[in-house]
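Data first, discussion second: the structure below is written as structure tokens.
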Amino acid sequence: MQDHGEKIVSLAREMLSQADPSPRAASEWGWKGLALAALLGAASAGAGYLTGELYRPLNRNELIELQALIHYAAKMHRVPSERIGEDLYGYFNISALNELNFGMMEETRNYLYRKIKAPEQ
């Protein structure tokens, strides 16, 4: 997303540097201004979508994936799955899986992968 924003900024700078104060250029600048506004609007809409996506609750399939990883880690260490779940809840300071959001999904997976690969306790 950062590269996308930098491209928009460089394009806007280029458009502004090509601006010419002559009357002919003033009418052309109207189209350049519209193009710039469209680009900036598209960029902000994309950023809004990504922000919303990061904070959305986990869907059913994602919750099932995490539950499966919890059960697999418990099986690998021969402990009840509740123990792995409690460790996960403590690590993320939550009381249930549905309190996680999509932005935390990758970190949650990594935590559970480390639990699975960790030597037996």
Exercise. Looking at the rings of Phe102 and Tyr55, which for Trp means the six-membered one, are their centres under 6.0 Å apart?
Worked result: no
For this session: Using modelled atom types only, decide if a donor and an acceptor are shared between the side chain of Glu107 and the backbone of Met104 within a distance under 3.5 Å.
Result: no
For this session: Would you check if the side chain of His77 reaches a backbone N or O of Lys115 as a donor-acceptor pair within less than 3.5 Å?
Result: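 It does hold such a pair.
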For this session: Determine whether Ile64 and Tyr111 fall in the same hydrophobic cluster, where Ile, Leu, Val, Met, Phe, Trp and Tyr are linked whenever their side-chain heavy atoms lie under 4.5 Å apart.
Result: no
Which value, rounded to the nearest 0.5 Å, describes the distance between [X] atom [atom1] and [Y] atom [atom2]?
| X | Y | atom1 | atom2 | answer |
| --- | --- | --- | --- | --- |
| Ile70 | Glu82 | CD1 | CD | 10.0 Å |
| Thr108 | Glu65 | OG1 | CD | 10.0 Å |
| Ile84 | Leu112 | CD1 | CG | 8.0 Å |

Exercise. Is Arg109 paired with Glu106 through a side-chain N to carboxylate O contact shorter than 4.0 Å?
Worked result: yes
Answer yes or no: is there a side-chain heavy-atom contact under 4.5 Å between [X] and [Y]?
| X | Y | value |
| --- | --- | --- |
| Glu62 | Asn59 | yes |
| Tyr113 | Leu69 | yes |
| Leu58 | Leu97 | no |

Problem set entry | Closest non-hydrogen atom pair between Ser81 and Ala74, with its separation |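 Closest pair (atom of Ser81, atom of Ala74, distance): CA-CB, 3.5 Å.
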Just wondering, are more than 12 heavy atoms of other shown residues or ligands nearer than 6.0 Å to [atom1] in [X]?
| X | atom1 | value |
| --- | --- | --- |
| Asn110 | CG | yes |
| Arg114 | CZ | yes |
| Tyr72 | OH | no |

Problem set entry | Derivation and outcome, side-chain contact (heavy atoms from CB on, under 4.5 Å), residues Leu88 and Leu66 | CA-CA 10 Å; Leu88 178 75; Leu66 294 178; 5.8 Å; no
